[in-house]
Amino acid sequence: MNLINAKKYVGSGRLELSVFHEPNIPQYAILSHTWGNKNEEVTFSELIPKSCHNAVDRGCDYVWIDTCCIDQSSSAELSYGINSMFRWYKNSSICIVYLADYHDQEWRIHTMPRPCRWFTRGWTLQELIAPKHVVFFNAKWARLGRKKDLVDSIQQITKIDKGLLLHDSPLRESLREYSISHKMAWASNRQTQRPEDRVYSLLGIFGICMPVLYGEGVSGAFRRLQLEIIKETSDMSIFAWGSQNNSQGSKPHSFCSILAESLEQFQFEKRGSDLGWYLPQENRTRALQVEIKIGGNEARLCILIDSTQAQPSRCPRSQDVQ
């Protein structure tokens, strides 16, 4: 893991990267920010000094910033970083959130007609959930408050339970309490600059590690993610998605994959309010998709294999979290 020596930077103004390997990683702060259009982008000359000073002020000698701690010219390092990022945010001592497009001196984000950009981006979902300690700053680096103090309004904006946001229970244990479709819904309205990043930004939330293949397209990446999730869990709510073509009317004898084609199909408002999907307690349910041709017509058959006799537990309904 590459870390900026914040203490040395504050003392001398010299940027120095240090390399650490688990479990010998020192306490560090971590930055969360977004990029806007070219006229709004924050330069390194602004990000690095402020991040380093805030890290040192909070007792951290090191800070991690994605844009300079990951060598994006190396596909291997980029893939490793993306698959490790959730863990890095989770293990940070403090997450510094910089809201580049928020200029108010007080926290009024939940009352804004349009959400602050940070709450609409794909990567910032894990950057909100993974770290326990988070502090928010506005565009002028004025402190707005801590996540634990602002949690009610953050829950209102994101529809994520405050118990999860505050890490009332161990994080991995808490995440398992939410169904796959529930977690997909958190990300269904978020966007990223690279299409595939909409999927790659979810790897840590689902506890999945898979190769990063820029150029495969968001649909290919999303299909791979769903197949990896099916290998690891018996949560049947992964099939609780709605068709994007409902408003236009679907063909009476058309066929589609058992897998969702996009994250938008998990949006709460597009799902029926009385969906009753179940999550078996044992991790043994599997799905098999078979494509066949009969008389020139192509069809897809889904076979669900459940070897358990366990009583299912109810996953949260969509109206329970709105």
Side-chain angles (χ1 to χ4, degrees), residues 115 119-126 128-129 157-161 175-208 210 213 216-280 285-291 298-304 314-322:
F119 287 98
T120 70
R121 309 305 291 175
W123 288 110
T124 56
L125 177 61
Q126 67 174 4
L128 172 65
I129 293 174
I157 296 166
T158 63
K159 313 301 182 187
I160 300 173
D161 293 340
L175 280 170
R176 282 194 289 267
E177 295 177 1
Y178 296 87
S179 67
I180 298 301
S181 65
H182 200 150
K183 286 179 276 195
M184 291 287 191
W186 293 339
S188 62
N189 290 309
R190 292 175 177 257
Q191 302 297 323
T192 56
Q193 288 188 334
R194 286 182 170 183
E196 295 92 340
D197 280 343
R198 294 194 68 196
V199 177
Y200 301 153
S201 63
L202 298 176
L203 297 183
I205 289 175
F206 289 108
I208 296 297
M210 72 182 200
L213 305 173
E216 67 175 325
V218 65
S219 59
F222 192 44
R223 179 181 177 84
R224 283 200 299 128
L225 174 63
Q226 291 175 89
L227 291 174
E228 290 299 320
I229 291 173
I230 290 171
K231 292 178 186 177
E232 300 295 331
T233 181
S234 57
D235 184 345
M236 301 293 288
S237 75
I238 193 171
F239 307 117
W241 49 268
S243 172
Q244 292 177 287
N245 298 320
N246 283 346
S247 59
Q248 301 173 355
S250 58
K251 296 179 181 179
H253 300 294
S254 63
F255 296 96
C256 66
S257 170
I258 187 176
L259 302 176
E261 296 179 356
S262 71
L263 278 165
E264 283 80 4
Q265 291 176 302
F266 287 94
Q267 289 178 3
F268 288 135
E269 61 269 26
K270 290 187 177 180
R271 297 167 54 197
S273 61
D274 59 347
L275 285 176
W277 292 88
Y278 293 87
L279 172 62
T285 301
R286 292 293 181 265
L288 175 65
Q289 178 179 291
V290 180
E291 296 186 4
E298 184 176 301
R300 290 174 182 173
L301 174 67
C302 171
I303 303 172
L304 299 181
R314 197 65 175 266
C315 289
R317 294 171 179 260
S318 57
Q319 75 268 27
D320 293 339
V321 294
Q322 292 186 3

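For clarity, every value in this text was computed on a predicted model and none was experimentally measured.
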Which atom pair, heavy atoms only, marks the closest approach of [X] to [Y]?
X      : Y      : answer
Phe266 : Ala260 : CE1-CB, 3.6 Å
Ile258 : Trp241 : O-NE1, 3.0 Å
Phe119 : Thr158 : CD2-CG2, 3.8 Å
Ser188 : Gln267 : OG-CG, 3.1 Å

Applying salt bridge (charged side-chain N to carboxylate O under 4.0 Å, His left out) as the test, list every pair that has at least one member in residues 179-194; sequence neighbours left out.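 Counting only pairs at least two positions apart or across chains, no salt bridge (charged side-chain N to carboxylate O under 4.0 Å, His left out) contact touches residues 179-194.
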Does any non-hydrogen side-chain atom of [Y] lie less than 4.5 Å from one of [X]?
X      : Y      : value
Phe239 : Ile230 : yes
Met184 : Ile229 : yes
Phe206 : Gln226 : no
Lys159 : Asn189 : no
Leu125 : Ile160 : yes

Supply the atom-to-atom distance [X] [atom1] to [Y] [atom2], rounded to the nearest 0.5 angstrom.
X      : Y      : atom1 : atom2 : answer
Leu263 : Leu225 : CG    : CG    : 8.0 Å
Leu202 : Trp123 : CG    : CH2   : 8.5 Å
Ile157 : Thr120 : CD1   : OG1   : 11.0 Å
Thr233 : Ile238 : OG1   : CD1   : 8.0 Å

Check: [Y] main-chain N/O paired with [X] side-chain donor or acceptor under 3.5 Å:
X      : Y      : value
Gln265 : Ser262 : yes
Ser237 : Ile180 : yes
Ser179 : His182 : yes
Glu196 : Gly217 : yes
Asp197 : Thr192 : no

* To do: Kindly write out the residues that satisfy ring-ring contact (aromatic ring centres under 6.0 Å, His included) with Tyr200, not counting sequence neighbours, or none if the list is empty.
  =>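 For Tyr200, the residues satisfying ring-ring contact (aromatic ring centres under 6.0 Å, His included) (neighbours in sequence not counted) are Tyr214.
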Strictly below 4.0 Å, N to O, side chains only: are Glu264 and Arg198 in salt-bridge contact?
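Looking at Glu264 and Arg198, the cut-off is met.
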